[in-house]
Amino acid sequence: MEGLAAFQTPDVAALSAGLEVLALRQRLIANNLANVDTPGYRRVDVDFAQAFAAALAGETSGSNGAVETRAVPSPAGTVADAVRRAEGLVFKNDGNGVDLDQEMVELAETGMQYEAASQMLALAFGRLKTAVTGRS
C-alpha cells in the first residue's frame, strides 16, 4: 500500500476515514435491526466525531474498557472506542431498547451520508486523474 501514499491527500484521507466510520455505523444499525425482537437488547451506536477523529488519526489499536463491542467487529480499535450501547432507553416491556422507526431513519440518513462521501471521494480521485493525465 506504500504506492498508494501519493493518493493520500488530506481530502482523500478525511473522506476515507468518514466512509470507514459510516460503514461501521451501518453495521451497528443493521445489528440493532437484527435484534429488534431480542428481549433486553440495548441499541448500539457510534459517536461519529470521536470515531472520525480516531479513523483520521489512523489509530488502529486500543482498548475500549467497558464498551461492549464483542458482537460488532471493528476494523480499528480506537474507532471501536466510540461505539456506545444506549443506557436507559427502553421502548418495549421486554427491556428492548430498539425503536424500529428511529433505526430506519438513521439507516437512511447514514446511507445518504455514505453516498455523498463516496461521490466526493470519486471527485477527489477524478481531480488526481486530471492532474496526472492532463485530461478530465
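Note that the structure is predicted; figures quoted are calculated from it, not measured.
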Which atom of [X] lies closest to which atom of [Y], heavy atoms considered:
{"X": "Leu28", "Y": "Asp45", "result": "CD1-C, 3.8 Å"}
{"X": "Phe52", "Y": "Gly18", "result": "CE1-N, 3.5 Å"}
{"X": "Ala55", "Y": "Glu20", "result": "CB-OE1, 4.0 Å"}
{"X": "Leu128", "Y": "Thr9", "result": "CD2-CG2, 4.3 Å"}
{"X": "Leu22", "Y": "Ala117", "result": "CD1-CB, 4.4 Å"}
{"X": "Val98", "Y": "Asn35", "result": "CG2-O, 4.4 Å"}

Are the side chains of [X] and [Y] in touch, meaning some heavy atoms are under 4.5 Å apart?
{"X": "Glu103", "Y": "Val36", "result": "no"}
{"X": "Leu24", "Y": "Arg27", "result": "yes"}
{"X": "Glu115", "Y": "Met120", "result": "no"}
{"X": "Pro39", "Y": "Asn96", "result": "no"}

So, taking the atom named [atom1] in [X] and the one named [atom2] in [Y], what distance separates them when rounded to the nearest 0.5 Å?
{"X": "Phe48", "Y": "Gln113", "atom1": "CZ", "atom2": "CD", "result": "6.5 Å"}
{"X": "Asp94", "Y": "Thr38", "atom1": "CG", "atom2": "OG1", "result": "8.5 Å"}
{"X": "Lys129", "Y": "Arg135", "atom1": "NZ", "atom2": "CZ", "result": "7.5 Å"}
{"X": "Phe125", "Y": "Thr130", "atom1": "CZ", "atom2": "OG1", "result": "13.0 Å"}
{"X": "Glu109", "Y": "Ile29", "atom1": "CD", "atom2": "CD1", "result": "8.0 Å"}
{"X": "Thr110", "Y": "Arg25", "atom1": "OG1", "atom2": "CZ", "result": "4.0 Å"}

Full working for side chain to side chain contact (heavy atoms under 4.5 Å, CB included) between Arg127 and Asp11: CA-CA 11 Å; Arg127 287 192 302 272; Asp11 56 342; 2.7 Å; yes
ILVMFWY network linking Val44 to Leu33, side-chain heavy atoms under 4.5 angstrom: yes
hydrophobic_cluster_shared for Met104 and Val46, side chain cutoff 4.5 Å: yes
Whether Arg42 side chain and Arg85 backbone form a donor-acceptor pair below 3.5 Å: no
Test log, rule side chain to side chain donor-acceptor pair (under 3.5 Å), inputs Asn32 and Tyr41: CA-CA 8 Å; Asn32 291 339; Tyr41 179 81; 2.8 Å; yes
Side chain to side chain contact (heavy atoms under 4.5 Å, CB included) between Glu106 and Arg43, worked out: CA-CA 12 Å; Glu106 291 189 14; Arg43 73 179 302 271; 2.9 Å; yes
